[in-house]
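What you see is a predicted model; the values in this text were computed from it and never measured. In the text below, chain A, chain B and the rest are named by the order of the sequence lines, each starting its count at 1.
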Amino acid sequence: MSEKYDLPKAYEFAEVETRWYDHWMEQKTFAATMEEGRDSFSIVIPPPNVTGVLHIGHALNCTLQDLLIRYHRMKGDNTVWIPGTDHAGIATQNVVERQLASEGKTRHDLGRDKFIERVWDWREEKGGTIINQLKRMGASCDWDRERFTMDEGLSKAVREVFVRLFDEGLIYKGDYIVNWCPRCHTALADDEVEHDPTEGKLYHLRYPYADGSGEVIVATTRPETMLGDTAVAVHPEDERYTGLEKIGIRLPLTDRVIPVVLDHHVQREFGTGALKVTPAHDRDDYEIGLRHDLERIKIMDDHGVMNENAGKYKGLDRFACRRQIVSDLKEQGFLEKIEDYQHAVGKCYRCATVVEPTTSKQWFVSVRPLADKAVAAVRDERIKIYPNTWYNTFYSWMDNIRDWCISRQIWWGHRIPAWTCEECGKLIVATRAPDVCSKCGSSNLTQETDVLDTWFSSALWPFSTLGWPDDTRELETFYPTSVLITSFDILFFWVARMMMMGLHLLDEVPFHDVYLHALVRDKHGKKMSKSTGNVIDPLKMIDQFGTDAFRFTLTAFAAQGREIKMDEERVEGYRRFINKLWNAARFAQMHIKDSDPAIVEVAGDPSSLALPHQWILSRINATVQEVRAALDGYNFNDVASSIYQFTWHEFCDWYLEWIKGDLYGDDEQARNNAKGVLLCVLENILIMLHPITPFVTEEIWSQLPGERSTIMLEKFPKENSQWHNENADQAMELLMGVISAIRTIRSEADVHPTAKIQASILCADADKEALIHKFSAAICSMTRTEELHIMPSGTVPDDAGHVLVEDLEVFVPLKGLIDVEGELEKLAREHKKIDKELIRVIGKLRNQKFLDNAPEAVILKEKAKQKELETRLAKNAESKARLRKLQ
RNA sequence: GGGCGGUUAGCUCAGCUGGGAGAGCAUCGGCCUUACAAGCCGAGGGUCACAGGUUCGAGCCCUGUACCGCCCACCA
């Protein structure tokens, strides 16, 4: 690609994006480096579900990671971004089960092994979707290191961890009440249950005393559970029921007499203050059952269908049973009343089926000791959380954490490495299948059928992907990882568990920083959902506006907050920015395409260069500082806005216009200087922008003069003290102020843009006068001024447009063109404003307490302000006087 | 019930340790000025939700109120 040519007029992003991504892949530019003596920077991607399709949250997540990865790679760090996918137990099993259903089969028709084979087939065929979509986003992952939570290495890590935790007594098997999804046939963790407010009914049932002397009314939203009632609970101090515990209750529809127990959990104010207790089907009741040693009667099977304990209701679905029970109770006079009732119903987060609390044998992790380590690490700032508003939430969740139910009754996942000896009942937990029982020597061993919660394997992701439990060079170089970037909604599902596992197993944090990005909502702040139809499809954005524009938008939106309201129009706006950059580069290319790239060297020491060059170098230096600070502090929106502001409004609007005179002029020295600085600044812009907009920057870069390899490996700019120049900043401020002033006068007076005018400046300061004089040609050309007069003093003609710039008066004679009334109104408004300010400032300066307490600098500033306001007020009066003469 | 966040220009949002209110988009006026009309130049627009307080000084700190949103725990 050494032939240099003018850039085409339009930027064709679609072609450019595929061409460069292919090129990067071929050249393996994304590959990790592990060289001695360099800093390390590593990120593991939050593995998207293998069933996933790229949504806007992924797009944001991906962009921010790629931004940091590219930045650090350009800083020269040993950098790796490890990609991969999550096997997503229930989600994936559901997808394949649906596929089977369309063939009229269930997984049971296939059997476990064949079914799992089928899932692997599905994964081979369809599992790459989201990976390819990440590539379209421009993700510079080290794709040769792509991992999958079910692949061999990671499975080994999973078994290793399970065995270690079991041996330490941190994993146990127990009977427990769990959230059961009758559709997915599995237990769900507490945080996998979503509580939706639902319109339901509250049924008030009559429970007669066992001796027939009275009755108690109990209320329930799930009347069918009464079949499993083994007690009625009342508050110990509830006088209404004193002595009832000696009598008991005759449970309707059954022939059972159940006890009345006294328990503080019961709220006297609710309903009648009597609570039916179903220990096998309600979490709170389960706790009460434990306290009072109550019998647990399970009345449903795993499908949510009533079992033999339900007597004549056996075989009914739980909801059909509810209807039947209600009708029977009513018929037999046990139904007091039914009320409409809104309450929270727990639903499976995967399939939205109503969850059934029920008891079963499950595996658990004792998380308390692990959680303590995580909390300590956060308290010691070994892990920092951004934005810091999440600390409180993190601590309170960790304080209230319950043991983690890790077993799931599905087939797709890491099968629990535990075997039971059928001869002697010995439980064996091991990383590999044992041949014989360690106790009795029998070979009749059966493995657990449950698999592990998907989050178990993802909790190991930061080190399992680096080769743990083996001692690898990758682990040594890249663990702990630098930063974890993820959405806050999985702070507890995933982030906290990675902390626990990393700290416990490697005795080291899994990452130094956690950056929790916002949730992307639609432009009205509503959650995006398919049913609402307000989903913004990232791929559509890419097709329509290009990946770079889309990435820039996401970056610009990524302030540290909780939500981002996404508006497609913004993407359109940033596409214009890409276009602007493209055209600026085109302009530069017209002048420099045949130059030696070494021309940038003139920028090395700007002291002998003309003011505009000194200024733009000073400004880009300031921008570099801003951008670096913003990147290091995860203030992504500031990164975008600094570069945007500089590129468009300083580089394009002012600098390029300013140097046109030199570029098109005859002075060879001036022309060469302009070309050199132009190329230098453009290169710096491209490099700084590259992490956000990789494609367009690479494309332009490749066409700039000289042999060039990828921009991806260029050094990210550093602060350059030689470029810092406050005098140049101030001088340019003044000149730009003068130009704007003349333009304002022209525009206000409706002078045609091509009409030539004369302008005058009253300037008492000799240095400023010299400055303006020196650049009068540029001022004239940028304002279409024919003659510019600069005088130390004088009077402003009555019929002149007039603007004050600092302590300079700029005016343009405009015979008959002045809108006298309009100008007077404007001056009146200005007068009011100045007055108001002046009163405030003078008040302050007369306040002794202010003079005593405020820092010297602030006082001086206020004094200067007073002087300036007074001058402006005087000039305002003069202007008004002049205009009145024209009335 | 507990906790957290938000309220700044018509819209979407910035605003660092308290020291003269900003951006983008939209609006209005004028321009095809040889990189860009996907553009250029210019203009208008804000009691920083409300009420108190601290302070010489508050968009920023404190207290309270209102509205919006989220999270956790849920009363069967």
Side-chain angles (χ1 to χ4, degrees), chain A residues 6-7 9-11 190-191 195 202 218-222 225 233 265-267 269-271 274-278 282-285 341 343-344 346 387 389-390 392-393 396-397 400 488-489 491-492 519 521 523 525-527 556-557 559 561-567 569-570 572-591 629 633 635 637-638 641 644-645 649 652-653 656-657 660 664 740 743-748 750-754 781-784 826 829 837 840-841 843-844 847-855 857-859 861-862 865 868-869:
Chain A
D6 285 340
L7 297 173
K9 189 159 167 125
Y11 172 54
D190 287 346
D191 40 24
H195 294 272
L202 186 62
V218 297
T220 179
T221 53
R222 297 185 299 150
T225 61
H265 166 80
V266 180
Q267 312 220 339
E269 311 76 44
F270 189 91
L275 170 68
K276 65 188 268 313
V277 183
T278 324
D282 184 280
R283 164 159 277 150
D284 290 331
D285 293 5
Y341 191 67
H343 62 136
T389 51
W390 286 103
N392 281 340
T393 316
S396 74
W397 193 82
N400 298 318
F488 66 75
D489 52 349
L491 178 58
F492 307 120
L519 231 46
R521 297 166 172 278
K523 63 176 167 182
K526 290 221 174 72
K527 230 174 195 164
F557 266 119
R562 284 177 178 238
E563 57 182 61
I564 290 172
K565 289 182 209 158
M566 185 74 196
D567 188 345
E569 279 179 34
R570 286 284 291 266
E572 160 99 45
Y574 289 118
R575 188 194 52 171
R576 292 182 192 180
F577 174 69
I578 303 294
N579 187 252
K580 186 75 181 175
L581 174 73
W582 181 258
N583 277 293
R586 259 182 80 213
F587 171 73
Q589 185 72 342
M590 285 167 53
H591 295 94
N635 294 303
N637 57 322
D638 291 340
S641 77
Y644 183 99
Q645 186 65 28
H649 298 304
C652 290
D653 287 352
L656 292 185
E657 293 306 319
K660 275 179 182 172
Y664 290 113
S740 293
R743 284 171 174 171
T744 302
I745 296 167
R746 294 184 61 123
S747 179
E748 296 281 301
D750 278 336
V751 176
H752 194 275
T754 55
S781 89
M782 277 187 265
T783 55
R784 302 249 167 173
K826 214 172 116 184
R829 276 202 304 275
E837 266 298 288
R840 206 181 60 81
V841 172
K844 250 185 172 178
N847 185 332
Q848 194 54 44
K849 284 185 178 169
F850 171 71
L851 297 174
D852 292 345
N853 292 309
V858 174
I859 295 171
K861 223 167 139 189
E862 291 295 321
K865 198 189 299 171
E868 188 211 321
L869 287 169

Mind listing the N/O atom pairs, protein and nucleotides 42-48 of chain B, below 3.5 Å?
residue : atom : partner  : partner atom : Å
B/G42   : O3'  : A/Thr744 : OG1          : 3.4
B/G42   : O2'  : A/Ser747 : OG           : 3.2

Would you measure the distance from the P atom in B/A38 across to the matching atom in B/G20 and give it in whole Å?
41 Å
Taking the same atom, C1', in B/G18 and in B/A58, what whole-Å distance lies between them?
6 Å
With sequence neighbours left out, the residues meeting salt bridge (charged side-chain N to carboxylate O under 4.0 Å, His left out) with A/Glu657 are A/Lys660
A/Lys9 vs B/C36: side-chain N/O to OP1/OP2 distance below 4.0 Å
yes
A/Arg586 has its side chain closest, among B/A38, B/C31, B/A35, to B/A35
Determine the interatomic distance between C1' on B/U65 and the same-named atom on B/A26; round to the nearest Å.
34 Å
Give the rounded distance in Å between these two atoms: CZ of A/Arg222 and C1' of B/C75.
14 Å
Rounded interatomic separation in angstrom, taking CZ from A/Arg283 and P from B/C74
7 Å
State plainly whether the residues A/Glu868 and A/Lys865 are in salt-bridge range, i.e. N to O under 4.0 Å.
no
Say you pick atom P in B/U8 and the same atom in B/A51; how far apart are they, in whole Å?
15 Å
Could you tell me the separation between the CH2 atom of A/Trp397 and the P atom of B/C4, rounded to a whole number of Å?
19 Å
Across every strand shown, the nucleotide meeting Watson-Crick or G-U wobble geometry with B/C67 (both distances under 3.5 Å) is B/G6
P spacing across the pair B/G22 / B/C48, given as an integer number of angstrom
14 Å
So what does A/Asn847 touch, heavy atoms closer than 4.0 Å: a base, only the sugar-phosphate, or nothing?
sugar-phosphate
Quick one: label A/Phe557 by what it contacts on the DNA or RNA (base, sugar-phosphate, nothing), any heavy atom closer than 4.0 Å.
sugar-phosphate
If you look at every strand shown and take non-hydrogen atoms under 4.0 Å, does A/Ala274 touch a base, only sugar-phosphate, or nothing?
base
Euclidean distance for P, B/G3 against B/C62 (whole angstrom):
16 Å
How do A/Thr754 and A/Asp750 order along RNA chain B: which one's closest nucleotide is nearer the 5' end?
A/Asp750
Here's a test of your reading of the structure: between A/Asp282 and A/Lys849, which maps to the more 5' nucleotide of RNA chain B?
A/Lys849
Does the plane of the ring in A/Trp582 sit parallel, tilted or perpendicular to the ring in A/Tyr11? Use 30° and 60° as the thresholds.
tilted
Tell me which nucleotide among B/A76, B/C56, B/A35 gets nearest to the side chain of A/Phe587.
B/A35
Sequence-aligned protein contact record of nucleotides 15-27 of chain B, with B where the base is within under 4.0 Å of a protein heavy atom and S where only the sugar-phosphate is
----BB---SS--
Could you let me know what B/A73 is paired to, Watson-Crick or G-U wobble, both distances under 3.5 Å, or none if it's on its own?
none
Any A/Tyr664 side-chain nitrogen or oxygen under 4.0 Å from OP1 or OP2 of B/A35
yes
May I ask which nucleotide in the shown strands pairs with B/G22, Watson-Crick or G-U wobble, both distances under 3.5 Å?
B/C13
